[in-house]
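Naming convention: chains lettered A, B, ... in sequence-line order (proteins, then strands); numbering from 1 in each chain. Note: hydrogens, waters and symmetry copies are ignored here, and every other heavy atom, side chains too, is used.
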Number of protein chains: 2
Amino acid sequence: MLPIFHPVKQVGTLVDMASTRAEPLTLEVVELIGTVVARYHEEYEHAAAQHSLTGAQARVLSLLALEPLPMRRIAVSLRCEPSNVTGIVDRLEARGLVERRPDPADRRVKLAAPTEEGLATALRLRDALDFAREPLAGLSVAERTLLRDLLRRMLGEPAGS
Amino acid sequence: MLPIFHPVKQVGTLVDMASTRAEPLTLEVVELIGTVVARYHEEYEHAAAQHSLTGAQARVLSLLALEPLPMRRIAVSLRCEPSNVTGIVDRLEARGLVERRPDPADRRVKLAAPTEEGLATALRLRDALDFAREPLAGLSVAERTLLRDLLRRMLGEPAGS
DNA sequence: TATTGTTATACTCTATAACTATA
DNA sequence: TATAGTTATAGAGTATAACAATA
């Protein structure tokens, strides 16, 4: 697994409650997705913790590893209030993983950018996130293609290759 | 979507970083799973918020709706320290959604159980979690079966029906 | 002694509102 | 006037450590 995110812990509760709305197959798929979500978060939090980062800090650092961003844009990506980003970047900056630079085009803007050490940490973080990559290796190319198309359709995306 | 969980916000960052380890197909599946995870959490948090519950509170309430549990068991399910459960159950109890009962078999134990109102809230919460149920309806039975088997294999579970 | 639940403490994330400096 | 970022504040979740009651 690679992307982003936060805490998660438990699986399989509501699904078990008498449901009159969905048949067993659908419920089982829902349950499996719940398990995937749980696994995903555990992997992510664990990988972050290995670098003494919280989930939010790891998300921001990973985001900035792609490109430096204004504080505002970080908030949009994280879907949180801009005021929260101040603290998260403060902590990353205090650890020397991120720095704030002025934006030549707009003096109101501060661009958060990873330091060399921050970039290295982000790369190591990514390599630690093997949740999806490893289990996916057990599927053939045809199966992964199938899974991709099914997930795309489930997410309402175009199914094409 | 039904089960459990917590915050999540952003998708698709680390995946985009130059990866020398996985080919494009696998990375795309990983990205899609990240999107599923994000969607899952948004749905869950939104459903919880509709009942003025936090994600953690909704998780615990949903868990107890299946069966009353000792505080310790709740902590195990949530994968957090038992001391945290005290506060979460406190808040649910203050709202009249949960109550603490003695365990006749062991006087050290307190069983957390949903009140009638708590049970009703848990059921309404479940009904609000349509993330998986609804998009899954767009897949045929054969496709859902396929998705189920692929997810099972990805999670290292037996693939049988 | 070991276990259950709680309390006390400290840190992080979160949203809201008010503030500043720019635009 | 509007926007970017910050500060101040308060609530919630989290872990750690120490505690009382019970086993």
4.5 Å side-chain heavy-atom contact, A:Glu28 and A:Glu23:
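Result no, sub-4.5 Å side-chain heavy-atom pair not found.
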So, do A:Arg95 and A:Leu53 sit near enough that their side-chain heavy atoms are less than 4.5 Å apart?
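Yes, at least one pair of side-chain atoms sits under 4.5 Å.
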Rounded distance in Å - [atom1] ([X]) to [atom2] ([N]):
| X | N | atom1 | atom2 | result |
| --- | --- | --- | --- | --- |
| A:Arg107 | D:dG5 | CZ | P | 15 Å |
| A:Leu111 | D:dT6 | CG | P | 11 Å |
| A:Arg91 | D:dT7 | CZ | P | 12 Å |
| A:Glu93 | D:dT6 | CD | P | 9 Å |
| A:Arg79 | C:dA15 | CZ | P | 12 Å |
| B:His46 | C:dA15 | NE2 | P | 14 Å |
| A:Ile88 | C:dT14 | CD1 | C1' | 9 Å |
| A:Arg59 | C:dT12 | CZ | P | 15 Å |

Counting heavy atoms from C-beta on, name the nucleotide in [options] closest to the side chain of [X].
| X | options | result |
| --- | --- | --- |
| B:Pro82 | C:dT6, C:dT12, D:dT14 | C:dT6 |
| A:Glu81 | C:dA15, D:dT6, C:dC13 | C:dA15 |
| A:Gln57 | C:dC13, D:dT6, C:dT4 | C:dC13 |
| A:Thr54 | C:dG5, C:dT14, C:dT12 | C:dT12 |
| B:Thr86 | C:dT7, C:dC13, D:dT14 | C:dT7 |
| A:Ala56 | C:dC13, D:dG5, C:dT7 | C:dC13 |
| B:Val109 | C:dA15, D:dA15, C:dT4 | C:dT4 |

Quick check: on DNA chain D, is the nucleotide nearest A:Asp90 upstream (toward 5') of the one nearest A:Asp106, or the reverse? Name the residue that is more 5'.
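In this pair, the answer is A:Asp106.
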Quick check on D:dT6: is either OP1 or OP2 less than 4.0 Å from any side-chain nitrogen or oxygen of A:Arg100?
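Checking A:Arg100 against D:dT6: at least one side-chain N or O falls below 4.0 Å of OP1 or OP2.
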Between B:Val30 and A:Leu150, is there shared hydrophobic-cluster membership here, with clusters defined by ILVMFWY side-chain heavy atoms closer than 4.5 Å?
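B:Val30 and A:Leu150: one cluster.
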Are B:Leu61 and B:Met71 connected into the same hydrophobic cluster when the rule is that any two of I, L, V, M, F, W, Y join if their side-chain heavy atoms are below 4.5 Å apart?
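Same cluster.
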Using heavy-atom distances to pick each residue's nearest nucleotide on DNA chain C, tell me which of B:Lys110 and A:Asn84 is more 5'.
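That would be B:Lys110.
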Counting distance alone, no hydrogens or angles: does the base of C:dT14 have a donor or acceptor under 3.5 Å from a partner atom on the side chain of A:Ser83?
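There is none.
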Can you say whether a donor on the side chain of A:Arg108 sits under 3.5 Å from an acceptor on the base of D:dT3, or the other way round?
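Side chain to base: pair found, below 3.5 Å.
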For a quick check of understanding: with a heavy-atom distance under 4.0 Å over all strands, which category does B:Arg73 fall into, base, sugar-phosphate or nothing?
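No contact.
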Backbone N/O of A:Thr26 and side chain of B:Arg148: donor-acceptor pair under 3.5 Å
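Pair absent, no side-chain N/O of B:Arg148 close to backbone of A:Thr26.
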Can you check whether A:Leu155's main-chain N or O pairs, donor with acceptor, with B:Arg39's side chain at less than 3.5 Å?
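Yes; at least one donor-acceptor contact below 3.5 Å.
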